[in-house]
Amino acid sequence: AALGFAKRGAYWIHPATELFVQFVNPPVMIGHKHVAAPAKMRTRAGELAILSPLDCVLDRLAWHLDRGDTETLAQAIDVARARRVPLADIEAWIAAEPAPADRKEHLVAALRRRLK
């Protein structure tokens, strides 16, 4: 709050940026994957623990698998393209998730079409 952020639901927002901050209670999980070692980002205010590009993609895909949300699928694809996240790493996570096989197959097919 002292830096100008305001709490809105589960997020902290600042009027000078489109980005928002979310503080997650440990353990940080993406689907059934534990994020044991978060990525780090240096800022003028200090170092922040953040999701790696891969974990960001997986977080969006977890929402998609759980709720069928097309916006989160588009977000995952955008980040995967921009940050060159290996499709093999994404597919390995999908294979390990306890979602229905047909939903996972559909997701992998969509990602292969859009990321190759």
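We use all heavy atoms of the structure for the numbers below, so side chains are in, but hydrogens, waters and symmetry mates are not. Every value quoted in this text rests on a predicted model; they were computed, and no experiment measured them.
Qualifying side-chain hydrogen bond (donor to acceptor under 3.5 Å, both in side chains) partners for Glu91, counting only residues two or more places apart in sequence or in other chains: Arg112. Among residues two or more places apart in sequence or in another chain, the side-chain contact (heavy atoms from CB on, under 4.5 Å) test is passed with Asp66 by none. Here Glu71 pairs with Gln75 under the side-chain hydrogen bond (donor to acceptor under 3.5 Å, both in side chains) rule; sequence neighbours left out. Contacts of Ala49 classified as side-chain contact (heavy atoms from CB on, under 4.5 Å), with partners at least two apart in sequence or in another chain: Pro38, Lys40. Taking the side-chain contact (heavy atoms from CB on, under 4.5 Å) definition, one finds that Arg42 meets it with Glu47, sequence neighbours left out. Residues that satisfy the side-chain hydrogen bond (donor to acceptor under 3.5 Å, both in side chains) test with Trp93, not counting sequence neighbours, are Glu97. For Asp59, the side-chain contact (heavy atoms from CB on, under 4.5 Å) criterion is met by Ile30, Leu51, Trp63, not counting sequence neighbours.
Counting heavy atoms from C-beta outward, Val57 and Asp89 have side chains that stay 4.5 Å or more apart. No side-chain heavy atom of Leu73 sits under 4.5 Å from any side-chain heavy atom of Arg60. Within the 4.5 Å cutoff, the side chain of Leu61 has no heavy atoms near those of the Thr72 side chain.
Applying the salt bridge (Lys or Arg N to Asp or Glu O under 4.0 Å) rule to pairs touching residues 22-37 yields Lys33-Asp55, sequence neighbours excluded. Residues in residues 100-111 take part in no salt bridge (Lys or Arg N to Asp or Glu O under 4.0 Å) pair, two or more places apart or across chains. Listed by first then second residue, pairs satisfying side-chain hydrogen bond (donor to acceptor under 3.5 Å, both in side chains) with a partner in residues 7-24 number zero, not counting sequence neighbours.
Judged purely by atom type and a 3.5 angstrom limit, Arg83 has no side-chain atom pairing as donor or acceptor with the backbone of Ser52.
Closest non-hydrogen pair, Val85 versus Val79, comes out as CG2-O, 4.4 Å.
With side-chain heavy atoms closer than 4.5 Å counting as contact, directly or through intermediates, the hydrophobic cluster containing Leu48 also holds Met41, Ile50.
Ile13 and Val21 end up in different hydrophobic clusters when Ile, Leu, Val, Met, Phe, Trp and Tyr side chains are linked at under 4.5 Å.
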